[in-house]
Protein chains: 2
Amino acid sequence: MSKTQLSFVEENYLKAIYHLTTESKDPVSTNAIAESVQTRAASVTDMLKKLAAKKLIAYKKYYGVSMTGPGEKAALEVIRKHRLWETFLVEKLNFTWDQVHEVAEQLEHIHSPLLIQRIDALLGYPTHDPHGDPIPSEQGEITEQSHILLSELKSGSEGKVVAVNDSSPDFLRYLDRLGIAIGTRVTIIEKVSFDGSIELKVENEVKPLFISKEVSDNLWITKVT
Amino acid sequence: MSKTQLSFVEENYLKAIYHLTTESKDPVSTNAIAESVQTRAASVTDMLKKLAAKKLIAYKKYYGVSMTGPGEKAALEVIRKHRLWETFLVEKLNFTWDQVHEVAEQLEHIHSPLLIQRIDALLGYPTHDPHGDPIPSEQGEITEQSHILLSELKSGSEGKVVAVNDSSPDFLRYLDRLGIAIGTRVTIIEKVSFDGSIELKVENEVKPLFISKEVSDNLWITKVT
DNA sequence: TCCTATTTTTAGATTAGTCTAAATAATGTA
DNA sequence: TACATTATTTAGACTAATCTAAAAATAGGA
Ligand SMILES: [Mn+2]
Ligand SMILES: [Mn+2]
Ligand SMILES: [Mn+2]
Ligand SMILES: [Mn+2]
């Protein structure tokens, strides 16, 4: 079967397709994948044929793409490694949460089951990475916690930040400046209907602040009673 | 200049050429490189042209190859990473010394100065890897300790094992069974002139044992008075 | 020195992954 | 339903790294 190890590039495509699949039910489009892996649509088509031949994705010309069982398993393995490495970098090597993604993009492709088991053990079997994302188990099980976007929270309600929807260094450093981290409690003072921006009270911060719709669309929270 | 990062493959060639250069003064042959990187001579020739064009090696058709300053620096960076990762795997992740090389072959190609600095710090700036090999400094300085092969030691003399000349799992596990590790003291009881094998007293072992010429040719030691 | 065996290089193909430009299919609007 | 726009695929080419087979250069022995 798929004994031969997947290439660096194949792993990146699978990961991208997996993420796109989970964030909207319909089949994933060629263009969306191209955008995600930073390449041209024509290159994506070529790779889709290859992955389909290996039965890692279900692909029908012009109809978009979805994952197969084996494909999802392979994708989750890469995601597991990515998130464990990010956690390792923060917990053991004092990286900040905005520094880890780029390095993890490289480390996730290291092939060594023993290595990743030992990293997992060293970290005490963490369940979430520095951005609040769940770490899939060795068996490929992932438990998405139920959460909503901060932009969906009603005025006056309180919530706790559980994850970020964007791991770009710029966004994360901006959150640092606002005093927002994973676990921070926030309360919506007012939602400005005109542009969707939000006046927000942040735990441990004296003054309320305003955040754009853009920002509130990238923060996952759970409601706090 | 050589701003563009070296590829995985280029790094492996440089490392191989560096090692071959240091273990015998004359220029390195195409065939020796081919053997070392497990490829064909014709492929090596192609790569030599490429590396020469980047001024990482000095190459003249049919005359063999030697390193340039920049080439040596690049090779030592890879070797530094390899040995730091090996040390990390043993010290922090409980790998045995025969398990580390293969994984380090992958990890040595991760590009992140910060990562390697932090690994170095976490380990307390080690000077030698699990096989007794010196770890080059960030500036590319390497201090080879003076040592001789066990096979060169005279009968009756005592020595301390400081490094192995072969890091293959088979050899290392055989040493484990003999009770020989880095730092172990050994005394030559008798050298068998007929086949070069050696009767050896190993520190902490009750009975002396015999090792082949092959084995004694792969153990680096320093004399102990 | 000459000749042969060995080493190295060249020539020409191949594979993975990418690209641009052109062709084709799907979609949505009139 | 017809047409124009958009999305996707195909065709053909390119680069990095590899290979085999053939040509060329070197080295060593007679
Ligand atoms: Mn990440
Ligand atoms: Mn993450
Ligand atoms: Mn090694
Ligand atoms: Mn080593």
Trainee: Does Asn31(B) have a side-chain nitrogen or oxygen under 4.0 Å from the phosphate oxygens OP1 or OP2 of dT6(C)?
Mentor: no
Trainee: Can you check whether Thr39(A) has a side-chain N or O nearer than 4.0 Å to OP1 or OP2 of dC19(C)?
Mentor: yes
Trainee: May I ask you to evaluate whether Tyr13(B) reaches the phosphate of dT18(D), defined as a side-chain N or O under 4.0 Å from OP1 or OP2?
Mentor: yes
Trainee: Check the distance between dT15(C)'s P and Phe8(A)'s CZ and give it to me in whole angstrom.
Mentor: 24 Å
Trainee: Thr45(A) near the nucleic acid: base, sugar-phosphate alone, or nothing, with a heavy-atom cut-off under 4.0 Å?
Mentor: base
Trainee: What residue among Ile57(A), Ile33(A), Leu48(A) forms side chain to side chain contact (heavy atoms under 4.5 Å, CB included) with Val28(A)?
Mentor: Ile33(A)
Trainee: Using atom CD1 of Ile33(B) as one end and atom C1' of dT9(C) as the other, report the distance to the nearest whole Å.
Mentor: 14 Å
Trainee: Would Glu108(B) and Arg83(B) pass as an ion pair if we require N to O under 4.0 Å?
Mentor: no
Trainee: Can you tell me the distance, in whole Å, between the OH atom of Tyr63(A) and the P atom of dT9(D)?
Mentor: 12 Å
Trainee: How long is the line joining CG of Leu48(B) and C1' of dT10(C), in whole Å?
Mentor: 14 Å
Trainee: Gln38(A) has an atom CD; how far is it from atom P of dT18(C), in whole Å?
Mentor: 12 Å
Trainee: What is the distance, to the nearest angstrom, from the CZ atom on Arg40(A) to the C1' atom on dA7(D)?
Mentor: 15 Å
Trainee: Could you state the atom-to-atom distance from CG of Asn12(A) to P of dA16(C) in whole Å?
Mentor: 17 Å
Trainee: Distance check: side-chain N/O of Lys61(A) vs OP1/OP2 of dT10(D), anything under 4.0 Å?
Mentor: yes
Trainee: Taking only side-chain N and O atoms of Ser7(A), does any of them lie within less than 4.0 angstrom of OP1 or OP2 on dA16(C)?
Mentor: no
Trainee: Touch check for Lys49(B), heavy atoms < 4.0 angstrom, all strands: base, sugar-phosphate only, or nothing?
Mentor: sugar-phosphate
Trainee: Compare the minimum distances between each of dT18(C), dA11(C), dA26(C) and the side chain of Tyr62(A), then state the nucleotide with the smallest one.
Mentor: dA26(C)
Trainee: Any chance the side chains of His19(B) and Glu23(B) put a donor and an acceptor closer than 3.5 Å?
Mentor: no
Trainee: When you check the phosphate oxygens OP1 and OP2 of dC19(D), does a side-chain N or O of Ser43(B) lie under 4.0 Å from one of them?
Mentor: yes
Trainee: Would you call Arg80(B)-Glu141(B) a salt bridge at under 4.0 Å N-O?
Mentor: no
Trainee: Which nucleotide, dC19(C), dA25(C), dA21(D), lies nearest any side-chain atom of Asp46(A)?
Mentor: dC19(C)
Trainee: In terms of relative ring orientation, are His131(B) and Trp97(B) parallel, tilted or perpendicular, with 30° and 60° separating the classes?
Mentor: parallel
Trainee: Base, sugar-phosphate, or nothing: which does Tyr59(A) touch, judged by heavy atoms less than 4.0 Å apart?
Mentor: sugar-phosphate
